[in-house]
Amino acid sequence: MEKVTVNQLVKNAENYADQNVTLSGWIRNNRDQKVFGFIALNDGTHFNTVQIVYEKEFLNNFEVVAGLGVGSAVTVKGRLVLTPESRQPFEIKAGEVMLEGASPEDYPIQPKRHSREFLREVAHLRPRTNLFTAVFRVRSLLAFAIHQFFQEKGFVCLHAPIITANDAEGAGELFRVTNLDLNNLPLTEDAKVDYSTDFFGKKTNLTVSGQLEAEAFALAFKDVYTFGPTFRAENSNTPRHAAEFWMIEPEIAFADLNDNMNLAEEMIKYLINYLLEKAEPEMTFFSQFVDKGLQEKLQNIVNAEFARISYTEAVEYLKKANQKFEYPVDWGKDLQTEHERYLTEKVFHKPVFVSDYPGGIKAFYMRLNDDQKTVAAMDLLVPGVGEIIGGSQREEREDILKKRMTEFNIEPEELRWYLDLRRYGGVKHAGFGLGFERAIMYFTGVSNIRDVIPFPRTVNNCEF
RNA sequence: UCCUCAGUAGCUCAACGGCAGAGCGACCGGCUGUUAACCGGUAGGUUGCAGGUUCGAAUCCUGCCUGGGGAGCCA
């Protein structure tokens, strides 16, 4: 008898009609009556469950099976029957139901709606629910799609270091990496911690970005990307921030900000198309129960051209908006969340690139424009989630870069190797960072980052 | 970190100064096609923690803890 998965059955039910099959999975729901019952079985290979029909007449352990609780693992042998008249296209008439692992009555997941907050407390069990089975399959598919997109275009993937001594990026608070005895710290003569005796002989931390390393590789391979974990020790308490998250950071040489935006737009559309095609049941589920009409919205985004405006134009839009903002709009000040939301949700109703921000509010490595006031930066804002991409053309002129570093209180000698990239065959290049989780949120409609990370790490929370 | 709302049965919530309740889930029973099944019954509580006000506190006050939402930081 053939061992099959739910995925195989759903996709080729006709081929298995009236055949005997064996499948193993977990019980999502079990409804018994006097002499027969129904099990909704999910084996993890497909979003759907398969209905198992069991009858007292054909089972030697009917009472045991009828008493099996939600969450129990079973192996079922039975005949596949097409049921085109019923709600499900086919079902399994069980000849044998073998218990693999029982699930007692205190199993926390019930056949009913649970709050996201409760399910976060049972993060080890929540992948067995409809919502999370869908979210995490999409996360897996999306990770693959990202590699496929860049590999198809000939990009080289590099694994940027996770431990780094770069202390000069200014991208937020850092997690210190050390193996010093914290209860007995070695001190220097002036009573500071003596890092020279630490593992690396210097102060080190977890990476906040692989960009600087990616630039080095872009100036060898031309087009590269990183895809890895990133760590920020910010005390951020929002549905969009986590202490550990993943980023995709492409970096392209002989390219400017416009090439950069073209790449970002092409990538977003590729990823959406991939999900609409490869995650049909999951996307339909999100569209029905998480974010009404999601599929149609995403389809529209694929067909639309993303809006592109400069920061200066954005400020003009905001100033003539007949809407009261809590924070005043003024050229030179950073855009607030309410401003970004207005632009993408009220003005354009689609993703919008905002580019060429004032130099004072952006990072030191962004290329100074000819106006001497703005830098070649770009953010991609999307409805609902806000900023999912931040990028720029990098400053390739060593003298200007040095000057910018000084303005940001960064000692150029600390990033000697980074300046070398400009000294030896330096060319114009650009790149961006895509927040992987924010992309998942945008594509699924799930509004809290804690619900798109298997075991999320946030302030005061490192369970599991 | 700041602002704001909430914490009552396993889950979702009601009771808002006077006997702590419902729906769902669980358990027991019934039901010959159910599908978040249905019908009947049973069990289940230190009302987040500590203190205070009151004859009396889930309810009012203070502090703390935890969670949600908003803001900042950003991806």
Side-chain angles (χ1 to χ4, degrees), chain A residues 28-41 48-57 66-67 69-71 81 83 85-88 91 93 103-122 129-130 169-173 208-211 228-249 264 289 325-327 334-341 361-363 379-382 385-391 432-442 447-453 458-461 463:
Chain A
R28 287 282 182 85
N29 198 357
N30 186 6
R31 299 176 296 275
D32 69 293
Q33 299 193 26
K34 194 173 190 174
V35 295
F36 60 87
F38 304 92
I39 287 173
L41 192 75
N48 293 2
T49 57
V50 163
Q51 171 152 288
I52 311 295
V53 187
Y54 56 96
E55 299 182 52
K56 197 167 190 171
E57 199 181 333
V70 174
V81 180
T83 53
E85 254 94 277
S86 305
R87 193 186 294 189
Q88 66 285 342
E91 60 189 24
K93 298 269 195 196
S103 177
E105 63 213 43
D106 57 357
Y107 182 62
I109 312 289
Q110 303 162 0
K112 59 173 275 191
R113 198 197 155 273
H114 287 293
S115 66
R116 311 265 171 92
E117 291 82 8
F118 170 69
L119 290 169
R120 269 172 226 152
E121 293 171 12
V122 287
T129 64
N130 276 339
E169 293 163 41
E173 296 292 315
V208 293
S209 163
Q211 179 204 314
T230 307
F231 308 88
R232 306 264 169 99
E234 292 289 346
N235 189 7
S236 297
N237 293 287
T238 83
R240 304 183 305 282
H241 291 86
E244 177 180 325
F245 63 98
W246 285 57
M247 267 208 297
I248 295 95
E249 296 182 285
F289 297 107
F325 293 115
E326 195 181 332
Y327 294 88
D334 209 353
L335 299 181
Q336 302 292 316
T337 297
E338 58 173 344
H339 305 140
E340 297 181 342
R341 291 182 69 109
I361 57 173
K362 287 290 180 183
D379 286 351
L380 179 63
L381 313 176
V382 299
V385 177
E387 180 181 344
I388 65 170
I389 283 176
F432 62 83
L434 168 71
F436 185 47
E437 284 79 10
R438 288 191 182 172
I440 300 170
M441 291 165 72
Y442 182 41
S447 57
N448 195 311
I449 198 167
R450 296 171 182 87
D451 296 328
V452 299
I453 299 177
T458 52
V459 185
N460 255 313
N461 178 21
E463 297 299 314

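Sequence lines set the chain letters: A, B, ... in the order given, protein chains first and strands last, and positions in each chain run from 1.
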Check: With a 3.5 Å cut-off and just heavy-atom distances, do the side chain of A:Q336 and the base of B:G72 make a donor-acceptor pair?
Finding: no
Notebook entry, point to check: What interatomic distance, in whole Å, is found between C1' of B:G48 and the corresponding atom of B:A6?
Noted result: 11 Å
Next item on the list: Select base, sugar-phosphate, or nothing to describe what A:A439 touches, counting heavy atoms under 4.0 Å on all strands.
Entry: nothing
Notebook entry, point to check: A:R240 has a side chain; which of B:C73, B:C11, B:G68 sits nearest to it?
Noted result: B:C73
Next item on the list: Find the distance A:D32:CG to B:A26:P and express it as a whole number of Å.
Entry: 11 Å
Next item on the list: Answer yes or no: side-chain N or O of A:R31 and base N or O of B:C31 forming a donor-acceptor pair under 3.5 Å.
Entry: no
Notebook entry, point to check: Does A:W246 or A:Y327 map to a spot on RNA chain B nearer the 5' end, using the closest nucleotide for each?
Noted result: A:Y327
Next item on the list: Using a 4.0 Å heavy-atom cut-off across all strands, classify A:E117 as base, sugar-phosphate, or nothing.
Entry: sugar-phosphate
Check: Thinking salt bridges, do A:D379 and A:K362 make one under a 4.0 Å N-O criterion?
Finding: yes
Item checked: For the student: nearest non-hydrogen atoms of A:R240 and A:I449, plus distance -> O-CD1, 3.6 Å
Margin query: So A:I389, base contact, sugar-phosphate only, or nothing? Heavy-atom distance under 4.0 Å.
Written below: sugar-phosphate
Next item on the list: Please state the C1' separation for the pair B:C16 and B:G72 - nearest whole angstrom.
Entry: 35 Å
Next item on the list: Have a look at A:P111 and say if it touches a base, only the backbone sugar-phosphate, or nothing, with a 4.0 Å heavy-atom cut-off.
Entry: base
Note to self: At 4.0 Å (heavy atoms only), tell me whether A:E91 reaches a base, stays on the sugar-phosphate, or touches nothing.
What the structure shows: base
Item checked: Protein-nucleotide distance (A:F36, atom CZ; B:U32, atom C1'), rounded to Å -> 4 Å
Note to self: So if I take every side-chain heavy atom of A:K93 and compare against B:G33, B:A75, B:C11, which nucleotide ends up nearest?
What the structure shows: B:G33
Next item on the list: Counting heavy atoms from C-beta on, name the nucleotide in B:G70, B:C74, B:C11 closest to the side chain of A:R438.
Entry: B:C74
Notebook entry, point to check: Can you find a donor-acceptor N/O pair under 3.5 angstrom joining the side chain of A:S236 to the base of B:C74?
Noted result: no
Checklist line | Check: B:U32 base within 3.5 Å donor-acceptor of A:E55 side chain | finding: no
Check: When you match A:F118 and A:L335 each to their closest nucleotide on RNA chain B, which lands nearer the 5' end?
Finding: A:F118
Check: Can you name the closest pair of heavy atoms from A:E173 and A:E234 and give their distance?
Finding: N-OE2, 2.9 Å
Next item on the list: Answer yes or no as to whether B:A75 has its base stacked against A:F245, where stacking requires a ring-centre separation under 5.5 angstrom and planes under 30 degrees apart.
Entry: yes
Check: Under 3.5 Å, is there a donor-acceptor pair between the A:N30 and A:Y54 side chains?
Finding: yes
Next item on the list: Look at all strands and tell whether A:S115 reaches a base, only sugar-phosphate, or nothing, counting heavy atoms closer than 4.0 Å.
Entry: sugar-phosphate
Notebook entry, point to check: Less than 6.0 Å separating the ring centroids of A:H339 and A:F325?
Noted result: yes
Item checked: Integer-rounded Å distance: B:C74 P and A:D379 CG -> 10 Å
Note to self: Using the C1' atom as the point on both nucleotides, what is the distance between B:U34 and B:G21, in whole Å?
What the structure shows: 31 Å
Note to self: Once you apply a heavy-atom cut-off of 4.0 Å, does A:H241 come out as touching a base, just sugar-phosphate, or nothing?
What the structure shows: base
Check: Base, sugar-phosphate, or nothing: which does A:T49 touch, judged by heavy atoms less than 4.0 Å apart?
Finding: nothing
Margin query: What's A:F38 touching, base or sugar-phosphate or nothing? Going by heavy atoms closer than 4.0 Å.
Written below: base
Notebook entry, point to check: Distance between the C1' atoms of B:A14 and B:G29, in whole angstroms?
Noted result: 30 Å
Checklist line | Nearest-neighbour nucleotide for the A:T238 side chain, B:U66, B:G33, B:A71 considered | finding: B:A71
Notebook entry, point to check: Side chain of A:K34, base of B:C31: donor and acceptor closer than 3.5 Å?
Noted result: no
Margin query: From C-beta outward on A:D334, which listed nucleotide comes closest to its side chain: B:G33, B:C74, B:G25?
Written below: B:C74
Notebook entry, point to check: With a non-hydrogen cut-off below 4.0 angstrom, is A:R450 in contact with a base, only sugar-phosphate, or nothing?
Noted result: sugar-phosphate
Next item on the list: Quote, to the nearest angstrom, the P distance that separates B:G63 from B:G25.
Entry: 42 Å
Next item on the list: Test for a donor-acceptor pair under 3.5 Å between the base of B:U1 and the side chain of A:N237, counting only N and O atoms.
Entry: yes
Next item on the list: Give the rounded distance in Å between these two atoms: CG of A:D106 and C1' of B:A26.
Entry: 10 Å
Item checked: Nearest to side-chain heavy atoms of A:Q33, which nucleotide of B:C11, B:U34, B:G69 -> B:U34
Notebook entry, point to check: If we take the P atom in both B:A20 and B:C38, what is their distance in whole Å?
Noted result: 31 Å
Next item on the list: Give A:E105 one of three labels, base, sugar-phosphate or nothing, depending on what nucleic acid heavy atoms sit under 4.0 Å from its own.
Entry: sugar-phosphate
Next item on the list: Indicate, with a heavy-atom threshold strictly under 4.0 Å, whether A:R113 touches base, sugar-phosphate, or nothing.
Entry: base
